[in-house]
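Scroll down for the structure; my scribbles are underneath it.
In this chain, numbering begins with 1 at the start of the sequence shown.
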Amino acid sequence: MLIKRDDDLIEVENFCKEYKSHSKTLFKVQDVSFTIEKGSITGLVGPNGSGKSTVIKAICGFHYPGSGHIFISDNENNRADISLQNHKAMELCGYVPEITKLPPDIKVIDFLTYAAKCHNLSKESTKERIKKLCNDFQLSDLINNLIKNLSKGQQQRVSFAQALIHNPPNLVLDEPINGLDPSQIITFRSYIKELGKTKAILISTHILSEVNNLCAKAFIMHQGQLHQVQNLANIEKEYLQLTSAEERK
């Protein structure tokens, strides 16, 4: 049983999910529970196939738990059970996927306007949000460019902007610095730290040093099970100890 606190915006409670082929279980995420507090950044790391994406997709409402619950709150602590109302995840979370899948033949301004419309923003609010986000993510000079003509880093900034168009209280980032050059990584690290002052952020990454740089706490997913990192300064050691021990079984 999790202790409910006013500052918990994302609560994953006894989450389980199985993938089966006929009667055979291919993979199982088992009894995952954790919370993410407002004004904090939480890391989720693990090898490929460990279950990270399964947890992320459930939080974002892309699929339902097999059992357990996922609660997401707004800034007034109004909670929605995403296990029963997965459409509420779109309202309460912004999502930046690992692979940026933006429509190539559309201008940045038109894409952000469309994203705002999906969240039922008024014309006035849409104009204000686009102006703010273009300023925050240095997109003002690119607003009339086709997305396909943007660099990788520029497209990632557009992806962040669409995730934040409705100013959600929660943000889920899946490998947000994947494929970026060192200067872009520094920039995005700064973006994430600033956003983490007011939002509950879950960041999934393979880069353990980024977790140490960004996160207040972290968890390791391995073979469908969740393990809390005891000391972020020693995350590499804890990660290797866990994965090596599991692989020897």
Quiz item: So do the side chains of Glu210 and Ile185 get within less than 4.5 Å of each other, counting heavy atoms only?
Solution: yes

Quiz item: Do His166 and Glu91 have side-chain N/O donor and acceptor atoms under 3.5 Å apart?
Solution: no

Quiz item: Do the non-hydrogen side-chain atoms of Leu164 and Arg129 ever get within less than 4.5 Å of each other?
Solution: yes

Exercise. Compare every heavy atom of Leu139 with every heavy atom of Ala161, then report the nearest pair and how far apart it is.
Key: CB-CD1, 4.1 Å

Quiz item: Are Thr126 and Ile130 close enough, and set up right, to give a side chain to side chain contact (heavy atoms under 4.5 Å, CB included), and what steps lead you there?
Solution: CA-CA 6 Å; Thr126 296; Ile130 290 177; 3.7 Å; yes

Exercise. Indicate the atoms forming the closest heavy-atom contact of Ile56 with Ser204, along with that distance.
Key: CD1-CB, 3.3 Å

Quiz item: Between NZ of Lys52 and CG of Asp174, what distance do you get to the nearest 0.5 Å?
Solution: 7.5 Å

Quiz item: Does Arg79 make a cation-pi contact with Phe71 (under 6.0 Å, within 45 degrees of the axis)?
Solution: yes

Exercise. Report yes or no: does Thr187 contribute a side-chain atom to a donor-acceptor pair with the main-chain N or O of Ser183 at less than 3.5 Å?
Key: yes

Donor-acceptor contacts under 3.5 Å from residues 230-237 side chains, at least two apart:
residue	atom	partner	partner atom	Å
Gln230	NE2	Gln228	O	3.2
Asn231	OD1	Ala233	N	3.0

Quiz item: Do Asn170 and Ile72 come within less than 4.5 Å of each other through their side chains, counting heavy atoms only?
Solution: yes

Practice problem: Enter the distance from Leu214:CG to Ile207:CD1 here, rounded to the nearest 0.5 Å. | Solution: 10.0 Å

Quiz item: Lys199 and Pro168: which non-hydrogen atoms are nearest, and at how many Å?
Solution: NZ-O, 2.6 Å

Quiz item: Which heavy atom of Gly61 sits nearest a heavy atom of Ala89, and at what distance?
Solution: N-CB, 3.8 Å

Quiz item: For Pro176, does its backbone N or O pair with a side-chain atom of Gln156 as donor and acceptor, under 3.5 Å?
Solution: yes

Self-check item: Counterpart residues, salt bridge (charged side-chain N to carboxylate O under 4.0 Å, His left out), relative to Glu18 (two or more places apart)
Solution: Lys20, Lys28

Self-check item: Pair listing, side chain to side chain donor-acceptor pair (under 3.5 Å) test, anchored in residues 58-74, at least two apart
Solution: Tyr64-Asn86, His69-Asp81, Asp74-Asn78

Quiz item: Would Ile143 end up clustered with Tyr114 when hydrophobic side chains under 4.5 Å apart are linked, directly or stepwise?
Solution: no

Quiz item: Is there side-chain contact between His119 and Met90, with heavy atoms separated by less than 4.5 Å?
Solution: yes

Quiz prompt | Single hit among Lys148, Gln154, Lys152 for side-chain contact (heavy atoms from CB on, under 4.5 Å) with Leu150 | solution = Gln154

Exercise. Is it possible for you to say whether Phe62 and Ile70 belong to one hydrophobic cluster, with membership spreading through side-chain heavy-atom contacts below 4.5 Å?
Key: yes

Quiz prompt | Rounded distance [0.5 Å steps], CG in Leu171 versus CG in Leu92 | solution = 13.0 Å

Self-check item: Student check: side-chain heavy atoms of Ile82 and Lys88 closer than 4.5 Å
Solution: yes

Exercise. Answer with yes or no whether the hydrophobic clustering places Leu133 together with Ile109; edges join I, L, V, M, F, W, Y residues whose side-chain heavy atoms lie under 4.5 Å apart.
Key: yes

Quiz prompt | Over all atoms of both residues, closest heavy-atom pair of Gly153 and Leu180 | solution = CA-CD2, 3.8 Å

Quiz prompt | Check: Lys217 and Thr35 side chains under 4.5 Å, non-hydrogen atoms | solution = yes

Quiz item: Would one find more than 12 heavy atoms of other residues, nucleotides or ligands at under 6.0 Å from atom NZ of Lys193?
Solution: yes

Practice problem: Please examine the side chains of Ser83 and Phe15, heavy atoms only from C-beta on, and report whether any two atoms are closer than 4.5 Å. | Solution: no

Quiz item: Yes or no on side chain to side chain contact (heavy atoms under 4.5 Å, CB included) for Met221 and Val29, after CA distance, side-chain angles and deciding distance?
Solution: CA-CA 9 Å; Met221 283 293 298; Val29 173; 4.2 Å; yes

Quiz prompt | Interatomic spacing from CD1 in Ile106 to CG in Asn145 - rounded to 0.5 Å | solution = 13.0 Å

Quiz item: Sequence neighbours excluded, which residues qualify as salt bridge (charged side-chain N to carboxylate O under 4.0 Å, His left out) partners of Lys127?
Solution: none

Side-chain donor-acceptor pairs of residues 38-47 under 3.5 Å, sequence neighbours excluded:
residue	atom	partner	partner atom	Å
Ser40	OG	Glu37	N	3.4
Ser40	OG	Glu37	O	2.6

Quiz item: Excluding sequence neighbours, so at least two apart, what forms salt bridge (charged side-chain N to carboxylate O under 4.0 Å, His left out) with Asp141?
Solution: none

Quiz item: Rounded to the nearest 0.5 Å, how far does NZ of Lys57 lie from OH of Tyr95?
Solution: 7.0 Å

Quiz item: Tell me, do Leu173 and Phe160 make a side-chain contact under 4.5 Å, heavy atoms counted?
Solution: yes

Exercise. May I ask you to decide if His206's main-chain N or O and Glu175's side chain share a donor-acceptor pair within less than 3.5 Å?
Key: yes

Quiz item: Can the ring centroids of Phe188 and Tyr191 be said to lie less than 6.0 angstrom from one another?
Solution: yes

Exercise. Could you state whether Leu102 and Val172 fall into the same hydrophobic cluster, counting links through intermediate Ile, Leu, Val, Met, Phe, Trp or Tyr residues with side-chain heavy atoms under 4.5 angstrom apart?
Key: no

Quiz prompt | Value rounded to 0.5 Å, distance of CD in Glu11 from CZ in Phe34 | solution = 11.0 Å

Self-check item: Same apolar cluster: Ile165 and Ile201, side chain cutoff 4.5 Å
Solution: yes

Quiz item: For the residue pair Leu112 and Gln162, what are the closest heavy atoms and their distance?
Solution: CD2-N, 3.8 Å

